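Both ligands and their constituent atoms are indexed starting at 1 by order of listing. Quick caveat, the model's predicted, so the values are computed rather than measured.
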Amino acid sequence: MEEPSRVFLEVGPGRTLSTLAGMCQAELRKQGNEETFNQLIVPSLRHPDVDQDDTVFLLNTLGRLWMAGVEVDWNKFYENEKRRRIPLPTYPFERQRYWVERQVDVDSQTPSKSIILTKKPDISDWFYVPVWKQSILSEKSSDKEVQDNSCWLVFVDQSEFGKRLIKQLKDDNQNVVTVTAGSEFSRSKNHTFILDPTNREDYENLLKDLAVQGLVPDKILHLWGVTSMNNKPDKFKLLNETQNLGFYSLLYLAQAFGNQNMTDPVNLLVITNGMQNVLGEGVYFPEKATILGPCRVIPKEYSNVSCRSVDIQISELDSPGTDWLIKQIIQEASVNSTDEIVAYRNQFRWVQTWQTVHLNKKEDIPQRLRNNGVYLITGGLGGIGLSLAEYLAETVSAKLVLTARSSLPAKKEWEDWLNTHDDTDRTSERIRKIKKLEELGAEVMIVQADITNYEQMKKAVEQVQERYGTIHGVIHAAGIAGGGAIQLKSSQTASEVLAPKVIGTSVLTSLLDMNKLDFFMLCSSITSILGDFGQSDYCAANAFLDAFAQYNGFKNQPFIFAINWDAWGDVGMAVNTEVPKDILEQRLASLKEGILSSEGVEAFARVLDSNHHQVVVSTRDWLKRIEMTKAVLESRDGKSTYKTAATRFVKSAHSRPKLETEYVAPENEIEVSLAEIWQELFGIDKVGVHDNFFELGGHSLLATGVITRIRDTFQVEINLQSFFDKPTIAELSEIILEKLVEQEDSETLNQILAEIENESQE
Ligand SMILES: NC(=O)c1ccc[n+]([C@@H]2O[C@H](COP(=O)([O-])OP(=O)(O)OC[C@H]3O[C@@H](n4cnc5c(N)ncnc54)[C@H](OP(=O)(O)O)[C@@H]3O)[C@@H](O)[C@H]2O)c1
């Protein structure tokens with residue numbers, strides 16, 4: 001007992017000895033140092049009167065001994081235990097429900113807009129073709145003819161059309177600022193600017209300069225897509241120039257809106273010529289069609305900007321119709337309209353719409369296919385490429401040339417590979433599919449080449465010709481998925497998405513004898529028409545393919561056709577592309593309605609056997625989908641309550657996740673309202689004013705939802721960039737406050753000016 005480190009363990013039931021030892025300890029303490037006689041005394045078995053589980057009691061004792069430094073022989077302790085493995089989840093249990101509840105309160109007064117569309121059972125009902133219908137520019141009573149106080153920003157070249165348009169605007173007493181493309185940014189006194197179309201900063205300098213001069217444009221005419229029909233320079237040079245003056249120019253302009261915090265309403269008209277096939281004249285400049293990407297997507301990402309593509313006929317310039325056309329263009333820019341795609345031909349206004357075509361199943365194989373035909377499939381190792389290859393193997397025992405950037409192991413290593421890799425391994429899947437093609441009777445040649453690289457493709461085509469002779473058909477399925485809001489998009493990422501489709505098509509058509517082909521098929525997407533949020537580059541790339549299918553530049557026109565595919569549900573990029581977690585549910589639901597590969601090949605066969613150059617394959621009612629997209633744009637003026645995916649809020653509340661920032665409750669009215677919006681959006685019960693939007697799981701699509709709610713609540717416009725710069729409630733509420741004060745000031749100022757005017761009249 002005199003040793004302070006001693007531990008006493010009572011062996012046997014009850015605690016009689018422990019009590020005795022405790023009493024001795026107390027006695028010794030009285031006589032000497034208290035700390036010395038404070039050793040641990042523990043019983044090992046419970047007293048019969050103690051109502052406790054024996055094991056628990058024993059474990060407690062063991063625990064206390066271990067804490068006192070006693071070495072426990074754990075192996076002995078567990079000697080008689082029987083072990084069994086049970087799988088554990090790879091993350092700690094957090095008993096928190098994060099189920100996204102389905103929204104039920106979509107405006108009941110607009111039932112057509114809240115329809116949930118489902119997959120149509122009969123493939124024959126999936127096909128739609130573009131048609132043009134005459135239309136009169138609707139003049140709503142709220143739209144003034146040409147407002148006196150408008151400021152027009154005109155991107156113009158030296159063409160006669162541009163000059164006459166500007167003259168007309170000046171005759172109408174409008175403020176006109178002109179911008180021409182040059183090598184560097186400069187400004188002359190009379191509202192004329194030059195900028196380098198490839199320099200993003202120049203667009204910002206332009207808007208900055210205009211803001212300083214009080215010339216913030218509310219109407220923008222973009223005429224850089226109007227070109228002479230006569231001189232067609234070198235194909236590749238034209239391709240680059242056209243993208244710089246078209247796609248990138250609009251991309252940079254939109255980014256400048258964001259960076260300069262331009263939030264007042266702007267009507268942007270993108271004018272081109274020779275880009276649409278309205279009356280069967282064909283498309284002269286398919287490379288211009290990439291502007292449709294930003295044109296369709298800008299209004300979805302910048303809620304204050306309306307955008308319309310207007311394609312005109314330049315031959316009309318010297319005709320009496322020119323004055324009419326110029327006035328019409330000015331009128332177009334002056335009225336609100338949800339017509340996204342407009343064309344002027346022969347003094348009529350046309351808009352693009354869609355018509356259902358029933359392509360029925362045929363028992364025979366498509367007439368454009370030949371037995372043992374040679375077919376080149378770019379992106380041939382991708383989901384759609386391999387599915388179509390299988391169809392060609394099955395139906396015509398084709399000679400298949402599959403090209404891709406990635407390669408497969410040498411054939412002699414295939415068995416080894418399959419034996420040493422998982423079934424889900426990408427390469428194993430591809431090897432198995434190619435083996436199947438061969439079993440079906442096809443000859444398969446795999447060529448590694450980047451479709452955007454002329455030299456690599458030249459070599460590839462030569463190899464094919466050497467082995468098989470003539471190529472009979474091409475399926476251009478190479479492509480990569482796009483994604484990302486315009487405000488954050490670099491020209492590099494956009495060009496990577498454009499390249500396989502735009503440059504790739506161009507490379508193919510320069511290397512192949514197009515006139516000898518039975519068909520040239522382009523894998524486009526419905527995104528080129530729906531222009532979804534974050535898809536400006538992918539929309540542009542596919543819009544190019546749509547236009548190329550109507551190109552009139554080949555002598556003996558081969559059958560070129562584009563299929564605007566809906567999402568494929570079991571293979572391909574829609575299945576493999578990662579999406580943000582919170583829209584994953586939505587993506588999976590949409591894939592369920594998607595095209596199965598067996599259905600996709602059937603659709604391909606039917607379109608191949610038709611004479612349509614562009615066909616949308618949509619499993620759900622396409623006309624309603626278009627209507628719903630338009631409804632989203634209409635809702636921006638607050639007249640409709642249709643809610644986009646971005647503004648559909650969940651009602652269920654979960655507790656605030658663990659964040660780095662401490663919770664600080666909102667204080668003022670703006671902060672409280674913003675917190676309510678965020679809480680609804682994320683479905684969490686409280687959001688602190690310093691919580692970061694992105695740490696809470698926000699992304700650009702959700703940010704636009706919040707922007708819409710801010711506009712509805714405070715009548716102020718916040719742009720997407722502000723969200724990225726100031727992603728907390730405290731910071732955003734300051735911006736909102738500043739804007740409210742500005743508005744108040746200008747209202748007061750207007751009132752004072754009105755009073756002064758009244759007084760001077762009296
Ligand atoms: N799947 C869908 O739901 C869907 C819907 C609408 C439209 N589409 C379009 O249909 C086409 C095929 O789609 P998918 O689902 O089969 O896509 P996927 O599985 O991702 O296959 C695309 C293929 O393109 C190849 N590729 C990409 N860039 C290339 C380049 N520069 N040079 C050569 N090959 C290149 C890729 O191979 P490497 O990376 O090895 O080069 C890949 O094998 C795409 O153009 C896509 O835009 C697909």
Using a cut-off of under 3.5 Å, which N/O atoms of ligand 1 pair up with protein N/O atoms, and what distance separates each pair?
{"from": "ligand 1", "atom 1": "3 (O)", "to": "W568", "atom 2": "N", "distance (Å)": "2.8"}
{"from": "ligand 1", "atom 1": "15 (O)", "to": "M573", "atom 2": "N", "distance (Å)": "2.7"}
{"from": "ligand 1", "atom 1": "16 (O)", "to": "G383", "atom 2": "N", "distance (Å)": "3.2"}
{"from": "ligand 1", "atom 1": "16 (O)", "to": "I384", "atom 2": "N", "distance (Å)": "2.8"}
{"from": "ligand 1", "atom 1": "19 (O)", "to": "G383", "atom 2": "N", "distance (Å)": "2.9"}
{"from": "ligand 1", "atom 1": "24 (O)", "to": "G479", "atom 2": "N", "distance (Å)": "3.3"}
{"from": "ligand 1", "atom 1": "31 (N)", "to": "D450", "atom 2": "OD1", "distance (Å)": "2.8"}
{"from": "ligand 1", "atom 1": "32 (N)", "to": "D450", "atom 2": "OD1", "distance (Å)": "3.4"}
{"from": "ligand 1", "atom 1": "32 (N)", "to": "I451", "atom 2": "N", "distance (Å)": "2.9"}
{"from": "ligand 1", "atom 1": "39 (O)", "to": "R405", "atom 2": "NH2", "distance (Å)": "2.9"}
{"from": "ligand 1", "atom 1": "40 (O)", "to": "S406", "atom 2": "N", "distance (Å)": "2.9"}
{"from": "ligand 1", "atom 1": "40 (O)", "to": "S406", "atom 2": "OG", "distance (Å)": "2.3"}
{"from": "ligand 1", "atom 1": "41 (O)", "to": "R405", "atom 2": "N", "distance (Å)": "2.8"}
{"from": "ligand 1", "atom 1": "41 (O)", "to": "R405", "atom 2": "NE", "distance (Å)": "2.8"}
{"from": "ligand 1", "atom 1": "43 (O)", "to": "G382", "atom 2": "N", "distance (Å)": "3.3"}
{"from": "ligand 1", "atom 1": "45 (O)", "to": "A477", "atom 2": "O", "distance (Å)": "3.4"}
{"from": "ligand 1", "atom 1": "45 (O)", "to": "K501", "atom 2": "NZ", "distance (Å)": "2.7"}
{"from": "ligand 1", "atom 1": "47 (O)", "to": "K501", "atom 2": "NZ", "distance (Å)": "2.7"}
{"from": "ligand 1", "atom 1": "47 (O)", "to": "Y538", "atom 2": "OH", "distance (Å)": "2.5"}

Can you give the donor-acceptor pairs under 3.5 Å from side chains of residues 528-541 to other protein atoms, not counting sequence neighbours?
{"from": "S528", "atom 1": "OG", "to": "S525", "atom 2": "O", "distance (Å)": "3.1"}
{"from": "S528", "atom 1": "OG", "to": "D546", "atom 2": "OD2", "distance (Å)": "2.6"}
{"from": "S528", "atom 1": "OG", "to": "N564", "atom 2": "ND2", "distance (Å)": "3.1"}
{"from": "D537", "atom 1": "OD2", "to": "K489", "atom 2": "NZ", "distance (Å)": "2.8"}

> Does the pair F561 and L608 meet the rule for a side-chain contact (heavy atoms from CB on, under 4.5 Å), with working shown?
Replying inline: CA-CA 8 Å; F561 68 106; L608 179 63; 3.7 Å; yes
> Are the ring centres of F559 and H613 closer than 6.0 Å?
Replying inline: yes
> Partners of T420 by side chain to side chain donor-acceptor pair (under 3.5 Å), sequence neighbours excluded?
Replying inline: none
> Can we call the ring centroids of Y391 and Y375 under 6.0 Å apart?
Replying inline: no
> Who passes ring-ring contact (aromatic ring centres under 6.0 Å, His included) against W565, sequence neighbours left out?
Replying inline: W568
